[in-house]
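Working notes, beginning with the structure itself.
Chain letters run A, B, ... following the sequence lines, proteins first, then strands; residues in each count from 1.
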Amino acid sequence: MTNYWLMKSEPHVYSFDDLVKDGSTHWDGVRNYQARNFMRDKMRIGDIVLYYHSNTKPPHIAGISKICKESYPDITQFDQKSKYYDPKATKEAPRWFLIDMEPVTKFDAMVTLDQLKENPALEEMLVIKRGQRLSVQPVDKTHFDEVCKMANIYL
DNA sequence: GCCAACGTTGGC
DNA sequence: GCCAACGTTGGC
């Protein structure tokens, strides 16, 4: 069965348009255990992702992507030159994992964080909660459907 | 650029 | 295993 997720990216680092241009991407650089666990243990091929742009004005969901490769070690953890290098990780016991995703649909009009907050049906959605910093979050299907409705997208 | 809200680290 | 210090995230 399909799971639904929200994943954050800073658009000046890697935007939804970059993903469209590339066709698919390795979601490297996640260094939070909870986010890693979701990617490593829960994400399956075909899972659907709300692609969220953080640290931009206004913060918003830009489109939908999907998981096209299940978890495997993030090689940047072994690369001393990478800012994601982790000296405690070894190839025998990798610490960080990632997935690959590919674009599905770009929203014609972005769905902003303010719009999400204004929608009573999304009251319980994690991303609108204060202090919620997790960059990989599970999303209820009902919330996912509501966001699609707001974006006039019908998959 | 500020700073609240976290998550991680390391001394004890 | 506690918790202070530190680092990061991300909205504002």
Side-chain angles (χ1 to χ4, degrees), chain A residues 3-22 25-43 47-67 71-101 103-140 142-151 153:
Chain A
N3 301 304
Y4 296 85
W5 307 95
L6 179 143
M7 295 174 77
K8 298 179 185 174
S9 183
E10 303 192 17
H12 66 274
V13 177
Y14 196 81
S15 69
F16 191 81
D17 285 340
D18 292 328
L19 177 63
V20 170
K21 186 178 56 163
D22 292 345
T25 195
H26 319 298
W27 202 255
D28 63 16
V30 171
R31 294 296 180 268
N32 170 282
Y33 287 104
Q34 217 181 333
R36 177 206 66 182
N37 292 347
F38 284 134
M39 290 201 293
R40 188 189 59 188
D41 305 334
K42 303 290 184 192
M43 283 189 180
D47 279 4
I48 302 291
V49 176
L50 293 171
Y51 197 108
Y52 183 87
H53 282 165
S54 63
N55 245 318
T56 189
K57 283 183 189 171
H60 62 275
I61 298 171
I64 294 170
S65 61
K66 71 177 176 189
I67 307 305
S71 78
Y72 59 101
D74 179 347
I75 58 160
T76 63
Q77 70 193 300
F78 309 124
D79 178 1
Q80 291 197 33
K81 292 189 210 74
S82 171
K83 66 170 177 164
Y84 300 123
Y85 176 63
D86 183 343
K88 291 181 181 158
T90 64
K91 297 208 172 165
E92 293 69 34
R95 180 179 288 200
W96 305 110
F97 291 78
L98 51 67
I99 49 75
D100 287 2
M101 70 164 70
V104 174
T105 308
K106 182 179 176 174
F107 289 169
D108 291 332
M110 62 172 95
V111 176
T112 67
L113 182 59
D114 279 345
Q115 289 174 272
L116 297 175
K117 285 179 174 170
E118 282 163 13
N119 187 334
L122 301 178
E123 209 175 353
E124 296 300 316
M125 195 175 181
L126 289 178
V127 72
I128 68 170
K129 305 223 168 179
R130 173 161 190 264
Q132 179 52 264
R133 301 187 306 168
L134 199 56
S135 65
V136 177
Q137 308 175 359
V139 172
D140 286 354
T142 52
H143 294 156
F144 175 81
D145 290 343
E146 186 66 24
V147 172
C148 287
K149 206 192 293 177
M150 293 167 79
I153 297 284

For this output row, return yes or no: ring centroids of W96(A) and Y33(A) closer than 6.0 angstrom. yes
Under 4.0 angstrom, heavy atoms only, what part of the nucleic acid is K117(A) near: base, sugar-phosphate, or nothing? sugar-phosphate
Nearest-Å distance, CD (E10(A)) to P (dT9(C))? 7 Å
Taking 4.0 Å as the cut-off, does a side-chain nitrogen or oxygen of K8(A) come that near to OP1 or OP2 on dG10(C)? yes
Euclidean distance, atom CG of residue L116(A) to atom P of dG10(C) [Å, nearest integer]: 15 Å
State, yes or no, whether a side-chain contact exists between M125(A) and V147(A) at a heavy-atom distance under 4.5 Å. yes
Given atom NE2 of H12(A) and atom P of dG11(C), what is their separation to the nearest angstrom? 12 Å
When every nucleotide of nucleotides 2-8 of chain B is labelled 5' to 3' by its protein contacts under 4.0 Å (heavy atoms), B for base, S for sugar-phosphate only, - for none, what sequence of letters results? --SBBSS
Any idea how W27(A) and Y14(A) line up, ring-wise: parallel (<30°), tilted (30 to 60°), or perpendicular (>60°)? perpendicular
Is the backbone of A121(A) close enough, under 3.5 Å, to the side chain of E146(A) for a donor and an acceptor to pair up by distance? no
Are K91(A) and F78(A) in a cation-pi contact, defined as NZ or CZ under 6.0 Å from the six-membered ring centre and within 45° of the axis? yes
M7(A) side chain near M43(A) side chain, heavy-atom distance below 4.5 Å: yes
From CE of M7(A) over to C1' of dT9(C), roughly how many Å is that when rounded to an integer? 16 Å
Report the distance from atom CG of L126(A) to atom P of dT9(C), rounded to the nearest whole Å. 19 Å
Expressed in angstrom and rounded to an integer, what is the separation of D114(A) atom CG from dG11(C) atom P? 11 Å
